[in-house]
Amino acid sequence: VAEKFGVPIAIIDKRRPKANVMEVMNIIGDVNGRRCLMIDDMIDTAGTICQGAQALKDAGAAEIYAACTHAVLSGPAVERLENSAITKLVMLDTVHLPKEKMRDKFSILTAADIFAAAIENVYLDKPMSKLYDGENFFGTKKPAVAQKAPAVLVGVCAALRRSRGEEQSARRKRNSQ
């Protein structure tokens with residue numbers, strides 16, 4: 001992903017002594033003053049993602065965005081995320097999130113179009129690879145349905161672009177004064 005965006009990569013080296021317990025060992029790469037994007041497949045109790053975000057913040061990250069496919073958000077997850085160093089969490093709608101768990105820093109994107117296209121391709125005995133051909137946010141050609149395949153990344157990238165645009169606008173305003 002970092003290569004596609006033309007940005008450096010940093011890795012959070014972690015260990016899991018047991019389920020739902022994570023210890024950050026090291027951050028490999030320079031995050032000082034940078035806007036970071038953490039990507040995970042699933043957030044259950046949010047301990048891992050919140051500890052990782054805090055480790056990035058402690059290492060000097062300016063902003064931390066997170067994205068996941070499945071937001072289970074069990075137990076203390078919502079409270080942990082709300083109080084975490086994460087600026088925005090973008091998730092797919094693969095797990096229903098009750099209204100009482102929704103927070104301002106959460107964004108939900110639908111996976112319905114890509115699931116529907118996949119089901120249709122299976123039913124019609126069409127290749128699945130066609131879902132990933134064409135133009136997307138990386139600048140290559142993709143059909144409209146395939147643009148939703150990496151929906152989490154698209155949403156986070158939009159948030160990052162907005163944030164960067166606001167930052168550049170403020171900088172121009174300061175420089176013109």
Side-chain angles (χ1 to χ4, degrees), residues 1-7 9-12 14 16 19-22 35-53 56 63-165:
V1 173
E3 184 178 313
K4 292 286 187 183
F5 288 118
V7 296
I9 188 169
I11 298 168
I12 298 173
K14 65 179 185 179
R16 283 194 183 279
N20 289 329
V21 175
M22 192 271 296
R35 190 174 291 125
C36 298
L37 169 60
M38 300 175 66
I39 302 171
D40 209 343
D41 59 342
M42 180 180 74
I43 297 176
D44 184 4
T45 62
T48 300
I49 198 111
C50 290
Q51 280 186 333
L56 290 171
E63 288 182 300
I64 299 137
Y65 291 82
C68 75
T69 304
H70 310 292
V72 177
L73 305 187
S74 65
V78 172
E79 184 180 345
R80 283 178 176 169
L81 289 163
E82 196 168 29
N83 297 320
S84 74
I86 295 170
T87 303
K88 187 81 161 171
L89 170 62
V90 180
M91 59 192 96
L92 293 181
D93 61 354
T94 59
V95 177
H96 174 70
L97 184 68
K99 286 183 181 182
E100 62 270 10
K101 288 188 174 186
M102 191 63 186
R103 298 296 185 268
D104 288 341
K105 68 164 58 177
F106 298 171
S107 285
I108 300 175
L109 302 174
T110 186
D113 293 343
I114 193 72
F115 284 0
I119 292 166
E120 179 180 41
N121 283 8
V122 168
Y123 181 76
L124 297 175
D125 200 27
K126 291 182 177 179
M128 297 300 277
S129 61
K130 295 293 181 189
L131 297 177
Y132 303 99
D133 293 340
E135 172 141 348
N136 67 9
F137 64 97
F138 294 132
T140 58
K141 293 219 168 237
K142 283 205 181 232
V145 71
Q147 292 180 26
K148 297 232 180 197
V152 166
L153 292 176
V154 172
V156 170
C157 291
L160 290 171
R161 278 194 294 272
R162 276 192 306 276
S163 179
R164 183 179 302 144

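- Residues I86 and A53 share a closest heavy-atom pair of CG1-CB, 3.6 Å.
- With sequence neighbours excluded, no residue forms a side chain to side chain donor-acceptor pair (under 3.5 Å) with E120.
- Scanning for side chain to side chain donor-acceptor pair (under 3.5 Å) contacts around N121 gives an empty result, with sequence neighbours left out.
- Of all non-hydrogen atoms in S107 and K88, the two that sit nearest each other are OG-CE, 3.0 Å.
- Residues satisfying the side-chain contact (heavy atoms from CB on, under 4.5 Å) criterion with A71, sequence neighbours excluded, are C68, L73, M91.
- Listed by chain and number, the residues in a side chain to side chain donor-acceptor pair (under 3.5 Å) with S84 amount to none (sequence neighbours excluded).
- Between L89 atom CG and F106 atom CZ the span is 5.5 Å, to the nearest 0.5 Å.
- Residues passing the side-chain contact (heavy atoms from CB on, under 4.5 Å) test with I119: none are found, sequence neighbours excluded.
- With sequence neighbours left out, E79 forms a salt bridge (Lys or Arg N to Asp or Glu O under 4.0 Å) with no residue at all.
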Residue pair T87, R35: steps toward the side-chain contact (heavy atoms from CB on, under 4.5 Å) verdict: CA-CA 10 Å; T87 303; R35 190 174 291 125; over 6 Å; no

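- Within the model, atoms CG of D93 and OG1 of T110 stand 3.5 Å from one another, a figure rounded to the nearest 0.5 Å.
- Contact between M102 and L97 at its shortest, heavy atoms only, is SD-CD2, 3.6 Å.
- Residues meeting the side-chain contact (heavy atoms from CB on, under 4.5 Å) test with T94, sequence neighbours left out: T69, H70, L92, A111, F115.
- Here CG of L56 is found 5.5 Å from CE of M38. Values are rounded to the nearest 0.5 Å.
- Listed by chain and residue number, M128, L131 satisfy the side-chain contact (heavy atoms from CB on, under 4.5 Å) test with A118 (two or more places apart in sequence, or in another chain).
- Among residues at least two apart or in separate chains, salt bridge (Lys or Arg N to Asp or Glu O under 4.0 Å) pairs with a member in residues 101-112 are E82-R103.
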